[in-house]
*Asks:* 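Structure incoming, see below.
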Amino acid sequence: MVGSKISRNLSMELARVTEAAALTAGRWMGRDLKESADQAAVDAMRQVLDTIEMEGEIVIGEGEKDEAPMLFTGELVGRATSPQVDIAVDPIDGTRLLASGMPNSIAVLAIGERGSMYRWEHIAYMDKIAVGPDARGAIDLRDSPGENLQRVARAKGRKVNDLTVVVLDRPRHEQLIREIREAGARLKLITDGDVAGALLATMEGTGIDALMGIGGSPEAVIAACALKCVGGDMQCRLWPRNEEERVFAHENQIDVDRVWAIDDLVQGDEAFFAATGITDGELLNGVRYGSMRATTHSLVMRARSGTVRFINSTHRLEKLASLDQMPWD
């Protein structure tokens, strides 16, 4: 890997990035304008990233250069030549949730040393299982959901029917949902928010014990960074969704049966994760707007120290507007 050691002070800078995305995107809550909300979050995130003392390469962004005006994959951000880092962004995890005024939309950002993050091989989805630190080492994606739940329950000192599993509510998960229910575990179905779902499965006090199912490959890398920070565990396997992706995997000799461990997705322990709530959720409160003020609730984590911080911030919007020329109000 290239670049100097990442300063621990960078974690607070990352919180500024996700706060900016949440503050601007929150204005679009419930307005059924997903693209406008996403563009607002991208613009804000991009602008703040360029104020940070680093050279960051977007390895998971909003698309290729000819498809996304900002935060495209391969773009360099920051205003220095070091530290050199990989950056994975999801300006709005749960865009549809935000557009509909539903819970659990968040702005997220993850960074690691240059070359440390898996660059998903143009196969958009992965099959995943994720758990918190108390069940680390108890999962194996090659086994059935029931077998995994038995081991997770033993690791936690509980019964399977005490466990709750979060799964994206999709037709492709009909068999998975049936097997989880047959195993005796409880089920929490979510409509969107792949990264938020993984966070719920790994953070204390959420009532969620595991995440299972097929979701985005980019989101898997972002979630892996968060899991590494808290000492959780995750396994993934590429899931070609159509014949085009199956042909791509064959032609490029990509092993779709390989099980990826958390250290395959994010190498080393120089990793940081930040998230800010946009709409209210089980883990983070959403943005609150007042008379020229707004409050945000963020989560910042560092893998090397294992530190997890929750940050409540009050923002004077007229001050931010004068400093950054952003439409905060």
Side-chain angles (χ1 to χ4, degrees), residues 34-35 38 42 57-69 71-75 86 88-97 99 108 110 117-130 139-148 165-182 187 189-198 201 210-225 227 234-266:
K34 292 191 295 183
E35 292 78 11
D38 194 51
V42 168
E57 180 182 356
I58 304 294
V59 299
I60 293 174
E62 287 294 285
E64 303 299 333
K65 185 173 182 178
D66 58 347
E67 297 176 358
L71 293 177
F72 57 84
T73 303
E75 182 181 1
D86 286 350
V89 300
D90 194 347
I92 305 175
D93 177 53
T95 310
R96 181 163 51 179
L97 299 176
V108 296
M117 289 186 176
Y118 166 66
R119 304 187 182 204
W120 58 290
E121 306 274 2
H122 301 286
I123 296 177
Y125 286 86
M126 278 183 157
D127 192 8
K128 313 171 189 177
I129 181 170
I139 57 173
D140 190 331
L141 193 57
R142 293 163 294 193
D143 292 336
S144 69
E147 290 170 317
N148 276 289
V165 183
V166 64
V167 177
L168 280 170
D169 189 4
R170 298 288 188 273
R172 62 178 178 262
H173 288 148
E174 287 181 3
Q175 176 67 22
L176 172 63
I177 290 169
R178 183 160 51 249
E179 291 188 45
I180 291 170
R181 287 172 171 160
E182 288 174 353
L187 192 66
L189 295 175
I190 58 174
T191 58
D192 294 276
D194 210 1
V195 178
L211 171 135
M212 291 184 177
I214 297 159
S217 295
E219 289 82 357
V221 179
I222 297 173
C225 188
L227 288 159
M234 185 177 195
Q235 291 186 357
C236 303
R237 182 167 47 208
L238 291 167
W239 188 78
R241 56 184 167 168
N242 51 40
E243 186 61 25
E244 180 181 349
E245 290 189 350
R246 284 187 285 273
V247 169
F248 178 87
H250 177 74
E251 291 179 346
N252 289 273
Q253 298 182 320
I254 298 171
D255 183 3
V256 296
D257 293 319
R258 174 184 173 182
V259 174
W260 296 75
I262 191 168
D263 288 333
D264 297 320
L265 299 174
V266 180

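As a basis for the values below, the full set of heavy atoms in this structure was taken, side chains included, without hydrogen atoms, waters or symmetry mates. Model, not experiment: these values are computed from the prediction.
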*Asks:* Taking side chain to side chain contact (heavy atoms under 4.5 Å, CB included) as the definition, give me every residue that meets it alongside Leu168, ordered by chain and number, with sequence neighbours left out.
*Replies:*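 Leu168 satisfies side chain to side chain contact (heavy atoms under 4.5 Å, CB included) with Arg170, Arg172, His173, Ile190, Asp194 only.
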*Asks:* Which heavy-atom pair separates Cys236 from Met234 by the least distance, and what is that distance?
*Replies:*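 Distance-wise, the nearest heavy atoms are SG-CE, 3.7 Å.
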*Asks:* Among residues two or more places apart or on two chains, list those pairs meeting salt bridge (charged side-chain N to carboxylate O under 4.0 Å, His left out) that have a residue in residues 246-260.
*Replies:*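 Every pair satisfying salt bridge (charged side-chain N to carboxylate O under 4.0 Å, His left out) with a residue in residues 246-260: Glu243-Arg246, Arg258-Asp264.
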*Asks:* Do Val59 and Val221 have side chains that get closer than 4.5 Å, going by heavy atoms?
*Replies:* no
*Asks:* Are Thr73 and Arg119 side-chain neighbours, meaning at least one heavy-atom pair lies under 4.5 Å?
*Replies:*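 In short, these two side chains do not touch, never coming nearer than 4.5 Å.
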*Asks:* Looking only at heavy atoms, which two atoms of Ile60 and Pro218 are closest? And how far apart?
*Replies:*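 Heavy-atom minimum between the residues: CG2-CB, 3.4 Å.
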*Asks:* Which atoms form the tightest heavy-atom contact between Asp86 and Met117, and what is the distance?
*Replies:* OD2-N, 3.1 Å
*Asks:* Tell me whether the rings of Phe248 and His122 are parallel (<30°), tilted (30 to 60°) or perpendicular (>60°).
*Replies:*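 Plane angle over 60°, so perpendicular.
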*Asks:* With rounding to the nearest 0.5 angstrom, report the CG to CG distance, Asp169 to Leu187.
*Replies:*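 So the CG of Asp169 and the CG of Leu187 are separated by 9.0 Å.
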*Asks:* Report the distance from atom NZ of Lys128 to atom CE of Met212, rounding to the nearest 0.5 Å.
*Replies:* 14.0 Å
*Asks:* Check salt bridge (Lys or Arg N to Asp or Glu O under 4.0 Å) between Glu245 and all other residues, then give those that pass, not counting sequence neighbours.
*Replies:*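 Glu245 satisfies salt bridge (Lys or Arg N to Asp or Glu O under 4.0 Å) with Arg241 once adjacent residues are dropped.
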*Asks:* Can you list everything that forms a salt bridge (Lys or Arg N to Asp or Glu O under 4.0 Å) with Arg96? Sequence neighbours excluded, please.
*Replies:*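 With sequence neighbours excluded, Arg96 shows a salt bridge (Lys or Arg N to Asp or Glu O under 4.0 Å) to Asp192, given in chain and number order.
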*Asks:* To the nearest 0.5 Å, how far apart are CG in Leu265 and CH2 in Trp260?
*Replies:* 7.0 Å
*Asks:* Kindly list each side-chain donor-acceptor pair under 3.5 angstrom involving residues 139-147, sequence neighbours excluded, with atom names and distances?
*Replies:*
residue	atom	partner	partner atom	Å
Asp140	OD1	Arg142	N	3.0
Asp140	OD1	Arg142	NE	2.9
Asp140	OD2	Arg142	NH2	3.1
Asp143	OD2	Arg151	NH1	3.1
Asp143	OD2	Arg151	NH2	3.1
Ser144	OG	Glu147	N	3.1
Ser144	OG	Glu147	OE1	3.2
Glu147	OE1	Ser144	N	2.9

*Asks:* Looking only at heavy atoms, what is the nearest atom pair of Phe72 and Ile58, with distance?
*Replies:* O-CB, 3.5 Å
*Asks:* Only counting residues at least two apart or in another chain, list the ones meeting side chain to side chain contact (heavy atoms under 4.5 Å, CB included) with Ala196.
*Replies:*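 Residues passing side chain to side chain contact (heavy atoms under 4.5 Å, CB included) with Ala196: Asp93, Ile106.
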*Asks:* Hey, could you give me the CZ/CD distance between Arg178 and Glu174, rounded to the nearest 0.5 Å?
*Replies:* 7.0 Å
*Asks:* Could I get the full list of salt bridge (Lys or Arg N to Asp or Glu O under 4.0 Å) partners for Asp38, not counting sequence neighbours?
*Replies:* none
*Asks:* Return the minimal non-hydrogen interatomic distance between Ala223 and Ala198, and the atom names on each side.
*Replies:* CB-CB, 3.7 Å
*Asks:* Is a side-chain donor or acceptor of Ser217 paired with a backbone partner of Ile123 at a separation under 3.5 angstrom?
*Replies:* yes
*Asks:* Looking only at heavy atoms, which two atoms of Leu211 and Gly197 are closest? And how far apart?
*Replies:* CD1-C, 3.5 Å
*Asks:* Side chain to side chain contact (heavy atoms under 4.5 Å, CB included) with Gln253: which residues, sequence neighbours excluded?
*Replies:* none
